[in-house]
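Note that the coordinates shown come from a computational prediction; the quantities given were computed from them, not determined experimentally.
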Amino acid sequence: MSQILTISGSDIIHSLKLSSQVPGLVEAIASQKIVAEVAESSGITVTPEEIQQEGDKLRLAKKLVKAQDTLTWLEKNYLSVNEFEESVHNKILSKKLANSLFSSQVERFFYQHQLDYVAAITYQIIFDDQDLALEMFYAVEEGEISFPEIARLYIPEAELRGTYGYQGRRHRKDFRPEIAAAVFAATPPQILKPIATAKGVYLIWVEQISQPQLDESLSEKIITELFTGWLKQQIESMQIITQLDSDTVQPQKELLKQT
């Protein structure tokens, strides 16, 4: 077999088609075109200094300390220096546009959706047997056993068992609805009565519930959420015709009409 393997642009497109990655790629391209168009009409620009600063941050994050490290990374990702700067430019432009469109709406949105940002730190064990879960619940209530001891006994996954079923800091949307209602009604630290779901019976220890503060980090998160929703609406309202190779893929609406 030859030691040289040539992969063409059409090979890459064909592979993207077969792996069903084209729709996501098309959406990303459409999003960037929308951002560029709206930013231009709004007079939003990006300076060379901003590109330099953001580029330095990205290189630092990727631990590209030496110039050769950067060149190696660019080569690995099939990027020229100009294309790298273009990607940095696009990232900055999106952030500037998002702030321009939604920074004034953050405070109102936060107070309207404040409950969504309340967070809980929990530990959980999933049982198949509801009676056993209930037995363990009452044993903890009576002080006969601790939650970590139950975790060591009944969590089969070694890594999860080692952290006693720790689930991290999660928001209401991260829980199943029936579990969220119980978790956020708790008074930590507290064990919850077993909750039966289609996946199993959950025994949950609520370690902490923290109320949200509208700091810089949460403000950026809200702006990103609003901007992402806005972009999705823009894309859904458009008719996108995608041309791959020399073949034109018809808009989804037209395909549905034909069928």
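No single ILVMFWY cluster, assembled from side-chain heavy atoms under 4.5 Å apart, contains both Ile121 and Val206. Under the 4.5 Å side-chain heavy-atom criterion for Ile, Leu, Val, Met, Phe, Trp and Tyr, Val81 and Tyr78 are members of distinct hydrophobic clusters. Note on Tyr166: it does not cluster hydrophobically with Val183, by side-chain heavy-atom contacts below 4.5 Å among ILVMFWY residues. Connection of Ile204 to Val118 is established within a shared hydrophobic cluster, with ILVMFWY side chains joined at heavy-atom distances below 4.5 Å, either directly or through further cluster members. Under a hydrophobic clustering in which Ile, Leu, Val, Met, Phe, Trp and Tyr are joined whenever their side-chain heavy atoms come within less than 4.5 Å, directly or via other members, Phe175 and Trp205 fall into different clusters.
Annotation: ring-ring contact (aromatic ring centres under 6.0 Å, His included) contacts of Tyr164 (sequence neighbours excluded): none. Residues satisfying the side-chain hydrogen bond (donor to acceptor under 3.5 Å, both in side chains) test with Lys57, not counting sequence neighbours, are none. Residues satisfying the side-chain hydrogen bond (donor to acceptor under 3.5 Å, both in side chains) test with Asp11, not counting sequence neighbours, are Ser8. Residues passing the ring-ring contact (aromatic ring centres under 6.0 Å, His included) test with His171, sequence neighbours excluded: none.
Between Phe227 and Phe102, the two ring planes are perpendicular [angle over 60°; tilted spans 30° to 60°].
Asn82 and Glu86 form no side-chain donor-acceptor contact under 3.5 Å, judged by distance and modelled atom types alone. There is no side-chain donor-acceptor pair under 3.5 Å between Glu75 and Thr72.
Taking the side chain as every heavy atom from C-beta outward, Tyr117 and Leu214 never approach each other to under 4.5 Å. When side chains are defined from C-beta on, Gln52 does not count as touching Thr47, because their heavy atoms never get closer than 4.5 Å. Put simply, the side chain of Asn90 does not reach to within 4.5 Å of the side chain of Val35, judged on heavy atoms. Using a 4.5 Å heavy-atom threshold, the side chains of Trp230 and Val38 count as touching. With contacts defined as side-chain heavy-atom distances shorter than 4.5 Å, the pair Pro48/Glu85 does not qualify.
At distances below 3.5 Å, not a single donor-acceptor pair connects side-chain atoms of Lys96 with backbone N or O atoms of Val46. Of the possible polar contacts, none joining the Arg170 side chain to the Ala120 backbone as a donor-acceptor pair under 3.5 Å is found. Put simply, the side chain of Ser237 gets close to the backbone of Gln234: a donor and an acceptor are under 3.5 Å apart. A donor-acceptor pair is defined here as one N or O able to donate and one able to accept, closer than 3.5 Å; such a pair exists between the side chain of Arg161 and the backbone of Ile155. Panel note: side chain Gln167, backbone Gly165; a donor-acceptor pair is recorded below 3.5 Å. Side-chain atoms of Glu149 come within 3.5 Å of backbone atoms of Ser146 as a donor-acceptor pair (strictly under, hydrogens ignored). With hydrogens and angles ignored, the 3.5 Å screen pairs no side-chain donor or acceptor of Glu40 with any backbone N or O of Glu37. A donor-acceptor pair is defined here as one N or O able to donate and one able to accept, closer than 3.5 Å; no such pair exists between the side chain of His14 and the backbone of Ser10.
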In sequence, state the C-alpha distance, the side-chain angles, and the governing distance for Ile191 and Leu203, and then conclude on side-chain contact (heavy atoms from CB on, under 4.5 Å). CA-CA 8 Å; Ile191 188 170; Leu203 187 63; 3.8 Å; yes
Would Phe84 and Arg59 satisfy side-chain contact (heavy atoms from CB on, under 4.5 Å), going step by step from the backbone distance to the final call? CA-CA 11 Å; Phe84 173 70; Arg59 282 189 286 270; 3.3 Å; yes
Could you please spell out the steps behind the side-chain contact (heavy atoms from CB on, under 4.5 Å) verdict for Lys173 and Asp116? CA-CA 7 Å; Lys173 64 180 176 60; Asp116 294 338; over 6 Å; no
side-chain contact (heavy atoms from CB on, under 4.5 Å) assessment of Ile195 paired with Val201: CA-CA 5 Å; Ile195 303 169; Val201 183; over 6 Å; no
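Annotation: the span from Thr70 atom OG1 to Gln68 atom CD amounts to 9.0 Å, rounded to 0.5 Å. We find the CZ-CD1 distance between Arg152 and Ile150 to be 10.5 Å, quoted to the nearest 0.5 Å. One finds the CD atom of Gln114 at 12.0 Å from the CZ atom of Phe109 (value rounded to the nearest 0.5 Å). Between the CD1 atom of Ile235 and the CD atom of Gln233 there is a distance of 11.0 Å, given to the nearest 0.5 Å. Ser20 contributes atom OG, which lies 13.0 Å from atom CG of Leu25 (distance to the nearest 0.5 angstrom).
Between Arg176 and Ala198, the shortest heavy-atom distance links the atoms NH2-N, 3.9 Å. Taking both residues in full, the closest heavy atoms of Leu93 and Ile44 are given as CD1-O, 3.8 Å, listed atom of the first, atom of the second, then distance. For the pair Ser219 and Val106, the tightest heavy-atom approach, listed with the atom from each and the gap, is OG-CG1, 3.9 Å. The shortest heavy-atom contact between Ser80 and Leu74 is O-CD2, 4.2 Å. Between Glu50 and Ile92, the shortest heavy-atom contact is O-CD1, 3.4 Å. Shortest non-hydrogen contact noted between Leu231 and Ser31 is CD2-O, 3.9 Å.
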For residues 122-138, please give each side-chain donor-acceptor pair under 3.5 Å, one per line with the distance, not counting sequence neighbours.
from	atom 1	to	atom 2	distance (Å)
Asp129	OD1	Asp131	N	2.8
Asp129	OD1	Leu132	N	3.3

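Legend: salt bridge (Lys or Arg N to Asp or Glu O under 4.0 Å) pairs involving residues 194-203, not counting sequence neighbours: none detected.
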